[in-house]
Each structure stands twice: as structure tokens, then as C-alpha cells.
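Computation of the quantities below employed the complete heavy-atom set of this structure, encompassing side-chain atoms and omitting hydrogens, waters and symmetry-equivalent molecules. Note on naming: letters A, B, ... go to the chains in the order of the sequence lines (proteins, then strands), and numbering restarts at 1 for each one.
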Amino acid sequence: MLEIQRIRAEKDALVKGLLKRNIQAESTLDEILAKDVEWRAAKTDLDNIAAEMNQLARSIGDLFKTGKQAEAASLKERTAGLKVKEAALKSTVDKLEDEITKLLYTLPNVPNELVPSGRDVNDNETVYEQGATPTFGFDALPHWDLAKKYNLIDFELGVKVTGAGFPFYRGKGAKLQRALIQFFLEEASKDGYEEIQAPLMVNEASGIGTGQLPDKEGQMYYMKEDDFYMIPTAEVPLTNIYRDVILPGPDFSIKMCGYTPCFRREAGSYGKDVRGLNRLHQFDKVEIVRVEHPSNTAQALEDMMEHVKGLLDKLGLQFRILRLCGGDMGFASAMTYDFEVYSAAQEKWLEVSSVSRFDTFQANRLKLRFKDADKKSQLCHTLNGSALALPRIVAALLENHQDENGIVIPEALRPYTGFDRID
RNA sequence: GGAGAGUUGGCAGAGUGGUCGAUUGCGGCAGUCUUGAAAACUGUUGAACCGCGAGGUUCCGGGGGUUCGAAUCCCUCACUCUCCGCCA
């Protein structure tokens, strides 16, 4: 959520920035500012009346103590009128606050200056590419065929036991999952991220903190009896560790990582995009999350990119990095890099990681602050990224490392799998 | 699931209707002393909002109520702890 102070101070810049998302925000911002002026006026009046009432109450107390009942009674009468006024102003103030907050919730984050304007995936900027498309002397199979052929993943069994999008991984398929998780976690640890095991369900306040709520509750599985939400990503519990936290000083850099299954309802998805591992309701992911001083955010984002690059490099996958255009970025992001691996058999790019900086957008909701050198509270910056999401990595590994008799496990992964081939 | 007890500032913990945003201790910060540190002593130390400022307002788990006045009384919800039951 954008800060009201920022809208007061730099409305024009925000309008310009949001244009990159193809959002005409001027009228909304003007409406917010108009309500803000109204709110401040009403708030001042309310405060003054409250001050007057406090004063009267004190006087009445004194009069009672000194036995001047009659005078006290006459003062009491004066408070009656004030009470009515106070109630009216209070409801005006509350209403305005509510309206302003609702409007603020509708506004996405303002893109960083590096973000290109644009409408959709076609306007994304490729900033890096590595690796070559593998060539096969035979008909390369898509991963769902490979998974069946080598008995790695059973989608139909998942449908029987739960439903579509909840596959079973078996044998070497299951071991490969476990190896990847272990590999990703170890690599993150080497880069200084603290490993954390987090709850897989969160409460409503946490959902609001990271921006899943309100509005996007349809994307999360919900436990009605207990009012819990299944996490769609480890970002939610990890970032919410720092909800309502004020860090004591300006010198901090918090790096966390965690493996969790992720649960997504994916309402509205359909067609070939959901084939095989491309889109699941439950999948595994290692997430990296950072809380940074605003002056360190740009560097932190670059560090995270390098980390993810290292992972894909070690897995021997062809990949590219895109800087997303305004229209393709997530709601809370100020800048996002997407990592895509090339799926040789499907002949298309698959998104395997998304690394984003949110600046103060999440921190404002979370009330995550630090004390600067002047002991003043300032909002922290948050960042996060997948490092990495498993399903599409598995898809790419199977497809790109296949030969006629099986699948070759990349060197870096062998210490974790304990085998070098699937066949 | 049953019964009971709680929820107060970074932590511990007072406070049962009137200058209480809150005694005190610990912790933090600053200073005195010291070559330096520790100890001791002194001072200081919650957050948000409005205001150029002076200052004002709000917050004692959340919400509502009683009252001139609520941390304190009432209602309600949430959460935590203890004991019993069940159980990985």
C-alpha cells in the first residue's frame, strides 16, 4: 500500500510512474487527497473537542473533591452538547479513514525508474541469456511423457486421491524432489540466508501483511473452522515474521530462506498451460526473503539475481532473465526479474523464478520499520524471490537432459540424489 | 473436548473509577568515575496521528457499552497459559 505522505508530497511522480502499468491514477489520487484534506480538518476539530472534554472532566473531578456539587452539575450539562458533536465528528473521521484506506488498497506499487512501460509479456525486456537450446537426434518427449515412461510422477493417482494439480512423485521422482530442495537450501545457506521452517497455514493478519488479502482470497485455500489460510508461498510466513516490528537501528540486513509446499487454487486457469507440471495446486518451492535498508535495496536485488543465476547455471539449464514491464508486474512489486528456462520438448519458455523488490509497499502494510540515525521510524524495504520453484525446474531437467535411454542428472545435483541417471 | 487463570511499554511486573501513557526492576542510550572495561552513581528511554511551532489527540489484546471521567466497571470476540481427557 502506498503511503499517504508520499501521495501528498509527490503526486505527479506517482501518476507518471503508474502510467507504466497503464493505470490512469490521477483521479484516484486526487480523490484520496481531497478526502485527506477533509480528514485532517475533521481530525483537528475532533481533537479540539476531545481536549475540551478532557479539560471539563478534570474540572468536574476537582469540584467533586472540594465538595462543590452544584458547580460540577452545571459543568456536566455542558459536556452533553460536546458529546453529540464528538460522536458526529468521530463517525466522519472514521468514515473518511475507511474510504481513504480502501482507495489506497486499490493502487498497485509504483514501478522503479528502470521498469519499461508496457502492456504484457511482449513488452518485457530480456536482460540476460545463458546456454544453448539442446538438440536431440531423436524425438524429445515432454516431461509428462517422460514422467510416465520412467514412473516418476503419477498425475492420475493424484486426481484419485485429491484432485487435479496434486501429483504423486514416486521412486526416483520423489528422490529428485528431495534432492532439489536440499540443493537449493544448501546453496542459499552458503549465500548467507538463514534457513527457516515456517507454518504452512497463516492467519488473516498475515495475509493482509503481504498483500494476499483483501481481494485475492480466492487464490488461497481457506480453513473455515479455524480462519486459517494455506500459504501460497513461503514469502507469507517469512515476511510476516517482521510484521509490527521496529528494528532498533539503521544497520541491518535480514536474509531468510525457507522450503515449503505452496498451495494455490489457481481459479480460472485452463488449457495447455496447466498440462503436466506447468501449473499445480500444490508444489514445492524454496524462497529467499530479505529485509533491507532502503539504501541497500538495489544491491540486494542484484545479489538475489546472481544467486538464482548460479542455481540455474549449476543445473545446466538454458535460461534467460527478463525485466518485467509495468503491465506484467505483480501488484506489490516495484521491479521484478523473471527467470525462464527453455523447455526443449514443449518448445517454450517456462517461468521458474521471480525476483522482486517491493520497497516500502509491503513494509507499510506490515508496519515494518527501523530507527534511523535520528531515532526516527522509517519503513524498511522488503524483497523476495524463488530460489527455486520445483515443478518447472523438474520439467526442464527431464526434458532438456533426456537422452534415448533416460535422463542425465546434472553433476551438481548428484551428491543429493545419490544417482546420476534416471532410466 | 472439559475446567480454571490470564492478556499492561523491549522484557518482567504494579496499578480496581479522577492530573495514569501509566509505580518499580531489568534491558537500551548518554554521562560521571577509569589508561580502557566492568561495577557503582546520575540522567534518559513506548508508538501513531494532527500542527510551522507552542501544543493537542489516540493507544493498557480487538470491538462495543456505562460514566462528566475507564487500564480499572459491564457485554462480546480473539488469543495465551495451567490442570484433566485424547493423541504424533
Side-chain angles (χ1 to χ4, degrees), chain A residues 1-9 32-104 197 199-209 213-214 222-229 237 240-252 254 291 360 362-380:
Chain A
M1 164 162 93
L2 295 176
E3 301 122 272
I4 184 82
Q5 296 87 341
R6 209 170 146 200
I7 298 176
R8 285 179 200 152
I32 289 172
L33 287 176
K35 285 185 191 297
D36 184 49
V37 169
E38 233 184 297
W39 174 78
R40 278 190 279 178
K43 177 84 161 86
T44 304
D45 290 348
L46 177 63
D47 284 358
N48 289 338
I49 286 183
E52 199 177 330
M53 287 179 63
N54 286 340
Q55 187 59 49
L56 278 173
R58 266 188 291 256
S59 306
I60 291 170
D62 288 343
L63 290 171
F64 271 125
K65 265 190 232 163
T66 51
K68 297 174 183 161
Q69 310 288 345
E71 285 179 55
S74 82
L75 280 188
K76 269 195 195 182
E77 282 170 28
R78 274 177 59 193
T79 61
L82 286 175
K83 268 186 135 173
V84 175
K85 271 198 218 166
E86 190 203 27
L89 276 169
K90 180 78 162 61
S91 85
T92 304
V93 167
D94 287 349
K95 184 165 159 277
L96 285 167
E97 274 176 13
D98 195 51
E99 288 170 0
I100 290 169
T101 306
K102 281 208 175 95
L103 286 170
L104 286 174
Q197 286 203 13
L200 306 182
M201 294 186 221
V202 295
N203 57 27
E204 185 186 22
S206 294
I208 291 172
L213 300 174
Y222 176 59
M223 305 287 154
K224 189 160 172 287
E225 292 296 311
D226 298 289
D227 202 15
F228 292 152
Y229 295 85
N240 271 284
I241 291 173
Y242 289 92
R243 172 156 49 84
D244 291 321
V245 167
I246 301 178
L247 299 167
D251 299 317
F252 62 92
I254 294 161
V291 179
T360 57
Q362 284 186 329
N364 189 30
R365 284 197 181 196
L366 291 161
K367 295 197 181 62
L368 163 53
R369 292 158 291 179
F370 68 95
K371 290 287 187 190
D372 66 17
D374 300 328
K375 304 275 181 213
K376 291 228 184 284
S377 296
Q378 269 195 54
L379 292 171
C380 300

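- The P atoms of B/G17 and B/A12 are separated by 27 Å, rounded to the nearest whole Å.
- Within residues 32-51 of chain A, the residues approaching RNA chain B are A/Trp39, A/Arg40, A/Lys43, A/Thr44, A/Asp47, A/Ala50, A/Ala51, by heavy-atom distance under 4.0 Å.
- Checked against side-chain hydrogen bond (donor to acceptor under 3.5 Å, both in side chains), A/Glu86 has no partners two or more places apart in sequence or in another chain.
- Judged as a side-chain hydrogen bond (donor to acceptor under 3.5 Å, both in side chains), and not counting sequence neighbours, A/Lys83 has no contacts.
- B/C60 makes up no base pair with any nucleotide shown, lacking Watson-Crick or G-U wobble contacts both under 3.5 Å.
- Applying the Watson-Crick and G-U wobble criteria (two distances, each under 3.5 Å), B/C52 pairs with nothing in any strand.
- Shown here, B/C41 forms a base pair with B/G31; the pair counts as Watson-Crick or G-U wobble because both key distances fall under 3.5 Å.
- Checking the phosphate oxygens (OP1, OP2) of B/A48, a side-chain nitrogen or oxygen of A/Arg369 falls inside 4.0 Å.
- Summarising the geometry, the separation between NZ on A/Lys376 and C1' on B/C29 is reported as 17 Å, rounded to the nearest angstrom.
- Residues meeting the side-chain contact (heavy atoms from CB on, under 4.5 Å) test with A/Ala205, sequence neighbours left out: A/Asn203, A/Arg243.
- Proximity of A/Leu247 to A/Lys371: side-chain heavy atoms (C-beta onward) are nowhere separated by under 4.5 Å.
- For A/Ile241, the side-chain contact (heavy atoms from CB on, under 4.5 Å) partners at least two apart in sequence or on another chain are A/Ile196, A/Leu238, A/Met256.
- B/U58 atom C1' lies 15 Å from atom CG of A/Leu89, rounded to whole Å.
- Taking atom C1' on both nucleotides, B/U24 is separated from B/G56 by 29 Å, rounded to a whole Å.
- With a 3.5 Å ceiling on both atom-pair distances, the Watson-Crick or G-U wobble partner of B/U24 is B/A12.
- Both A/Phe228 and A/Gln55 lie close to RNA chain B; mapped to their nearest nucleotides by heavy-atom distance, the more 5′-ward contact belongs to A/Gln55.
- The side-chain contact (heavy atoms from CB on, under 4.5 Å) test applied to A/Lys224 returns A/Tyr222, not counting sequence neighbours.
- Within the 4.0 angstrom heavy-atom criterion, no nucleotide atom of any strand lies near A/Ser59.
- An OP1 or OP2 oxygen of B/U57 is reached within less than 4.0 angstrom by a side-chain nitrogen or oxygen of A/Asn54.
- Contact of the A/Leu2 side chain with the A/Asn364 side chain is not registered, since no non-hydrogen atoms from C-beta on lie closer than 4.5 Å.
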Review item, side-chain donor-acceptor pairs of residues 42-54 of chain A, under 3.5 Å, at least two apart:
{"unit_1": "A/Lys43", "atom_1": "NZ", "unit_2": "A/Asp47", "atom_2": "OD1", "d": "3.2"}
{"unit_1": "A/Lys43", "atom_1": "NZ", "unit_2": "A/Asp47", "atom_2": "OD2", "d": "3.4"}
{"unit_1": "A/Thr44", "atom_1": "OG1", "unit_2": "A/Arg40", "atom_2": "O", "d": "2.8"}
{"unit_1": "A/Asn48", "atom_1": "ND2", "unit_2": "A/Thr44", "atom_2": "O", "d": "3.3"}
{"unit_1": "A/Asn54", "atom_1": "ND2", "unit_2": "A/Ala50", "atom_2": "O", "d": "3.3"}

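- Remark: C1' of B/A48 and CZ of A/Arg365 are 19 Å apart, rounded to the nearest angstrom.
- For B/G63 and B/U8, the P atoms lie 16 Å apart once the distance is rounded to whole Å.
- Not a single side-chain contact (heavy atoms from CB on, under 4.5 Å) links A/Gln197 to another residue, sequence neighbours left out.
- Nucleotides B/G25 and B/U82, compared at atom C1', are 26 Å apart to the nearest Å.
- Base-pair partner of B/A71: not found among the strands shown (Watson-Crick or G-U wobble, both distances under 3.5 Å).
- Of the possible polar contacts, one joining the A/Arg365 side chain to the A/Ile208 backbone as a donor-acceptor pair under 3.5 Å is found.
- Computed from coordinates, the A/Glu204 CD to B/C79 P distance equals 12 Å when rounded to whole Å.
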Protein-nucleotides 62-70 of chain B N/O pairs closer than 3.5 Å?
{"unit_1": "B/G69", "atom_1": "OP1", "unit_2": "A/Lys83", "atom_2": "NZ", "d": "3.4"}

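- Using the Watson-Crick or G-U wobble rule with both distances under 3.5 Å, B/G6 pairs with B/C79.
- Taking the P atom of each, B/U23 and B/A47 are spaced 15 Å apart, rounded to whole Å.
- Taking 4.5 Å as the limit, some side-chain heavy atom of A/Leu104 sits within range of a side-chain heavy atom of A/Ile32.
- At the heavy-atom level, A/Gln5 lies under 4.0 Å from the strands shown only through sugar-phosphate atoms.
- In this structure, A/Ile246 places its CD1 atom 8 Å from P of B/G10, rounding to the nearest Å.
- Atoms CD (A/Glu225) and P (B/A78) sit 13 Å apart, rounded to a whole Å.
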